[in-house]
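Worksheet: the structure to be examined is printed underneath.
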Amino acid sequence: MELVRGGTERVLGVDSGGSGIRVALAPVDAAGRDGGALTWSSPVPVGTGRRGVDAADLLGRVLPAARELLERAGSGHCVAVCVGASGMASLGDGLRAELPGALRAALGARRTALASDAVTAYAGALGQRPGAVVAAGTGLVALGTDLSPEGGWRRADGWGHLLGDCGGGAWIGRAGLDAALRAADGRAGGSPALLARLEAVFGPAAELPSALYPRADRAAVLASFAPEVGRCAAHDPVAADILRAAARHIAEAAAAVCPPPGAGPVAARRDPVPGERDQREGGQGPDDGPHRDVALTGGLLGMGEPLLAPLRRELHKQLPGGRLVPSAGDPLSGALQVATALATDRLTLPVDDALLRIVY
């Protein structure tokens, strides 16, 4: 297939997660750069059904948005698409069956990448470099790679708020509510400060179960209490302990997926694809010295120092060879970078049936 070399050809990136859907269209030679993309968003998440993530729901919103963006750009098609979706790995059978044909028919996309949102978070944060990324929002998942086909992707957690996502927003919020209810009961480990915040946010403690359990968005409701834990941490030892435990869990996930220092193929040493930012510090390349790059991304980081200070300590303890680097971009910019790399035959991230499937 003919290699795309830029010009007016365009790529499409899609980010579908718990906070809704975002779509971006950008020229191949500008994808991922600030101001280079046209965007559309909806705050309503894609639904799930018996086949997992609802492909018809996603297509029903993405295709009209993509056509609108193409019309604004004065273009009739896009050469490559990357869809990054929460649940792609475990609930993505319907997406994998229906999206490639629909995107080709409606948008003229000759190449499609179907990715877990953890992969697009990785690409947005580190580009196509070896290392590890922890995406921490309502949930939590860590992903790492040395870029070798043999090493593939290493994944930790991301099991959802009932089974895991330890250290994520829902986990912190639930731990904070547990401490608040302990205080209401007079049990050990309670926090009067968190009880006061529970009552300010949700009303009387006795009414919380009936308000929470019937809701389909329980994880988001639990996560909404995480900032209250952060605000109490400066003066409440129970809240501070919750954040220290969260930091430990986040660092454990990063350590579980981070590749060994110096691991990775020679292909890792390459020029970035168009739009890929280089956030290396001190002039070091990704494989210079014993360091392993680790990036953090997601809304949970907005809690600031109450979480980040213990997290830095835990990362230093559990990943002594790790180098914490700033995240260059978000999952939507990562989706654009994957689409661009796919369009230009420069994709070096590991291909995987569940996490990153490529369809020509």
Side-chain angles (χ1 to χ4, degrees), residues 18 86 89-90 116-119 121-122 124-126 129-146 151-179 189 219 222-223 225-226 229-230 233 237-264 290-327 331 350 352 354-355:
S86 174
S90 56
S116 162
D117 60 343
V119 170
Y122 185 102
L126 288 183
R129 294 159 44 205
V133 171
V134 179
T138 298
L140 184 136
V141 63
L143 206 63
T145 182
D146 62 7
W153 292 104
R154 303 179 184 199
R155 175 181 166 174
D157 214 332
W159 297 115
H161 74 286
L162 294 178
L163 299 175
D165 287 355
C166 298
W171 186 95
I172 292 173
R174 187 200 177 284
L177 292 171
D178 174 74
L222 292 172
F225 196 68
V229 179
V238 174
D241 282 345
I242 291 171
L243 295 188
R244 280 192 289 268
R248 184 170 65 253
H249 286 307
I250 295 169
E252 286 170 352
V257 303
C258 200
H291 299 291
R292 294 167 288 175
D293 287 350
V294 179
L296 309 173
T297 185
L300 193 64
L301 304 182
M303 293 180 66
E305 285 303 299
L307 176 63
L308 295 179
L311 179 53
R312 284 192 292 267
R313 290 192 293 269
E314 283 292 335
L315 286 170
H316 181 73
K317 182 191 305 182
Q318 298 191 42
L319 269 173
R323 176 176 58 186
L324 191 61
V325 300
S327 176
D352 178 279
L355 293 173

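The analysis underlying the following values was restricted to heavy atoms, covering all of them including side chains, and did not include hydrogens, waters or symmetry mates. Fair warning: this is a prediction, and the values are worked out from it, not measured in the lab. Residues take their numbers from the sequence shown, with the count starting at 1.
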Spell out, as yes or no, whether a donor-acceptor pair under 3.5 Å connects the side chain of [X] to the backbone of [Y].
| X | Y | result |
| --- | --- | --- |
| Asp157 | Cys166 | yes |
| Tyr122 | Ala135 | no |
| Thr145 | Gly152 | yes |

In Å, rounded to the nearest 0.5 Å, how long is the span from [atom1] of [X] to [atom2] of [Y]?
| X | Y | atom1 | atom2 | result |
| --- | --- | --- | --- | --- |
| Ile172 | Leu140 | CD1 | CG | 9.0 Å |
| Arg292 | Leu319 | CZ | CG | 5.0 Å |
| Thr138 | Trp171 | OG1 | CH2 | 15.5 Å |
| Arg323 | Leu315 | CZ | CG | 14.0 Å |

Identify all side-chain donor-acceptor contacts of residues 243-259 below 3.5 Å with residues at least two apart in sequence or on another chain.
{"residue": "Arg244", "atom": "NE", "partner": "Asp241", "partner atom": "OD1", "Å": "3.4"}
{"residue": "Arg244", "atom": "NH2", "partner": "Asp241", "partner atom": "OD1", "Å": "2.2"}

Contacts of Asp352 that satisfy salt bridge (charged side-chain N to carboxylate O under 4.0 Å, His left out) - sequence neighbours left out:
none
Considering only residues two or more places apart or on different chains, which pairs with a residue in residues 160-176 satisfy salt bridge (Lys or Arg N to Asp or Glu O under 4.0 Å)?
none
In residues 294-308, what donor-acceptor pairs under 3.5 Å come from side-chain atoms, sequence neighbours left out?
{"residue": "Glu305", "atom": "OE1", "partner": "Arg312", "partner atom": "NH2", "Å": "2.5"}
{"residue": "Glu305", "atom": "OE2", "partner": "Arg312", "partner atom": "NH1", "Å": "3.4"}
{"residue": "Glu305", "atom": "OE2", "partner": "Arg312", "partner atom": "NH2", "Å": "3.1"}

Could I get the full list of side-chain contact (heavy atoms from CB on, under 4.5 Å) partners for Ala239, not counting sequence neighbours?
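Residues passing side-chain contact (heavy atoms from CB on, under 4.5 Å) with Ala239: Leu194, Val229, Cys232, Ala233, Asp236.
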Tell me, please, which residues at least two apart from Arg155 pass side-chain contact (heavy atoms from CB on, under 4.5 Å).
Ala89, Val141, Leu143, Leu355
What's the shortest heavy-atom distance between Ala179 and Ile242, and which atoms?
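Taking every non-hydrogen atom into account, CB-CD1, 4.4 Å.
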